[in-house]
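Computed from a predicted model, the values in this text were never measured in an experiment.
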Amino acid sequence: FALQQGDLPAAARHYLLAAQASGDPGIAGRAARIALLADDIGLASQALARWRALAPDSQAMRATAIRLALRLGEHESAMDDVRALLALPDAAGFPVVLVSLSDATGDDAVIARSVLRELFSQSLLPHDLAAWLRLAGVARRLGDQAFSDRIVESGLATFPDDPRAR
């Protein structure tokens, strides 16, 4: 009822209790996301730990973990989950990474930009011009126009035979 009434702090507490009593990763996921919305980092961390224990390979869990790491200013923690997502076959985790980073605002965006830069500098991007252009779009949304331009220029040079490069 707390969630329906818009009482996010109470909803986060109740969902965390439910997550701790349940083996359902969906409840733990809701608890973590609601706690983040309520800006209760402590509850979000507890709920995420429960979710990670119940569903360690969940893409949604890793996306939420990235968002929490950004909120906490923990670049390396964010990169751990980014790397795990990027290790999925057929670049399946790349869109999840982009969405997780593109949602960042304020101080979170500073860490998101540093994660983007590491993705680029460590050559962790899928070998596909479209992926590079999507990364450039996220950099632009996060307010880093110069880096966005650099990604586009590098992408065009790396994939000169791609029709979009002409």
Side-chain angles (χ1 to χ4, degrees), residues 1-120 122 124-126 130-131 133-144 147-148:
F1 296 117
L3 186 58
Q4 292 171 339
Q5 294 172 346
D7 187 352
L8 292 176
R13 287 190 304 276
H14 292 295
Y15 264 98
L16 178 59
L17 290 173
Q20 291 168 336
S22 170
D24 182 351
I27 293 173
R30 280 190 290 277
R33 289 187 295 267
I34 291 168
L36 272 176
L37 286 172
D39 205 25
D40 190 323
I41 301 306
L43 288 181
S45 296
Q46 291 176 58
L48 182 64
R50 178 68 175 149
W51 193 5
R52 193 180 296 270
L54 295 171
D57 297 324
S58 164
Q59 289 184 34
M61 179 278 296
R62 292 201 181 274
T64 302
I66 292 167
R67 289 182 183 106
L68 179 60
L70 297 178
R71 184 82 48 92
L72 293 169
E74 295 178 354
H75 172 92
E76 282 309 314
S77 180
M79 282 304 303
D80 289 344
D81 285 296
V82 165
R83 283 186 190 97
L85 286 166
L86 294 178
L88 295 173
D90 301 320
F94 187 68
V96 177
V97 168
L98 292 183
V99 169
S100 299
L101 297 174
S102 68
D103 289 344
T105 59
D107 292 341
D108 300 3
V110 173
I111 303 301
R113 286 191 297 270
S114 74
V115 169
L116 287 179
R117 288 180 175 276
E118 185 166 342
L119 286 174
F120 184 74
Q122 298 295 316
L124 298 175
L125 301 177
L133 295 176
R134 287 192 303 257
L135 187 77
V138 172
R140 179 169 289 157
R141 269 194 299 284
L142 293 174
D144 199 340
F147 184 52
S148 175

* To do: Please answer whether the main-chain N or O of Ser148 pairs with a side-chain N or O of Arg140 as donor and acceptor at a distance below 3.5 Å.
  => no
* To do: Could you grab the distance from atom CG of Leu70 to atom OG of Ser100, nearest 0.5 Å is fine?
  => 8.0 Å
* Asked: Roughly how far apart are Gln46 CD and Trp51 CH2, rounded to 0.5 Å?
  -> 16.0 Å
* Structure fact -> Taken to the nearest 0.5 Å, the spacing of Ile66 CD1 from Asp80 CG works out to 10.0 Å
* Asked: So, are Arg141 and Asp103 salt-bridged, with charged N and O less than 4.0 Å apart?
  -> no
* To do: Can you sort out the partners of Asp24 under salt bridge (charged side-chain N to carboxylate O under 4.0 Å, His left out), two or more places apart, ordered by chain and number?
  => none
* Structure fact -> Minimal heavy-atom distance between Ser45 and Leu72, with the atoms involved, is OG-CD1, 4.5 Å
* Structure fact -> For Pro25 and Gly23 the tightest heavy-atom approach is CD-O, 3.3 Å
* Any idea which heavy atoms bring Ser22 and Leu54 closest together, and the distance? -> O-CD1, 4.1 Å
* Asked: More than 12 foreign heavy atoms under 6.0 Å from CG of Asp39: is that the case here?
  -> yes
* Quick one: pull up CG in Leu16 and CD1 in Ile34 and give me the separation to the nearest 0.5 Å. => 10.5 Å
* Asked: So do the side chains of Met61 and Thr64 get within less than 4.5 Å of each other, counting heavy atoms only?
  -> no
* Which pair of heavy atoms, one from Pro9 and one from Ala38, lies closest together, and at what distance? -> N-CB, 3.9 Å
* Do Ser58 side-chain atoms and Ala55 backbone N/O form a donor-acceptor pair below 3.5 Å? -> no
* **Stepwise side-chain contact (heavy atoms from CB on, under 4.5 Å) test for Asp81 and Arg52** => CA-CA 11 Å; Asp81 285 296; Arg52 193 180 296 270; 3.2 Å; yes
* **Asp40 and Arg13 ion-paired at < 4.0 Å** => no
Using atom types as modelled, flag every donor-acceptor pair under 3.5 Å from a side chain in residues 112-119 to any protein atom, sequence neighbours excluded.
{"residue": "Arg113", "atom": "NH1", "partner": "Leu142", "partner atom": "O", "Å": "2.7"}
{"residue": "Ser114", "atom": "OG", "partner": "His75", "partner atom": "ND1", "Å": "2.7"}
{"residue": "Ser114", "atom": "OG", "partner": "Ile111", "partner atom": "O", "Å": "2.7"}
{"residue": "Arg117", "atom": "NE", "partner": "Asp144", "partner atom": "OD2", "Å": "3.4"}
{"residue": "Arg117", "atom": "NH2", "partner": "Asp144", "partner atom": "OD1", "Å": "3.4"}
{"residue": "Arg117", "atom": "NH2", "partner": "Asp144", "partner atom": "OD2", "Å": "2.8"}
{"residue": "Glu118", "atom": "OE1", "partner": "His75", "partner atom": "NE2", "Å": "2.5"}
{"residue": "Glu118", "atom": "OE2", "partner": "Arg83", "partner atom": "NH2", "Å": "2.6"}

* Between CZ on residue Phe94 and CG on residue Leu86, distance to nearest 0.5 Å -> 7.0 Å
* To the nearest 0.5 Å, how far apart are CZ in Arg62 and CD in Gln59? -> 10.0 Å
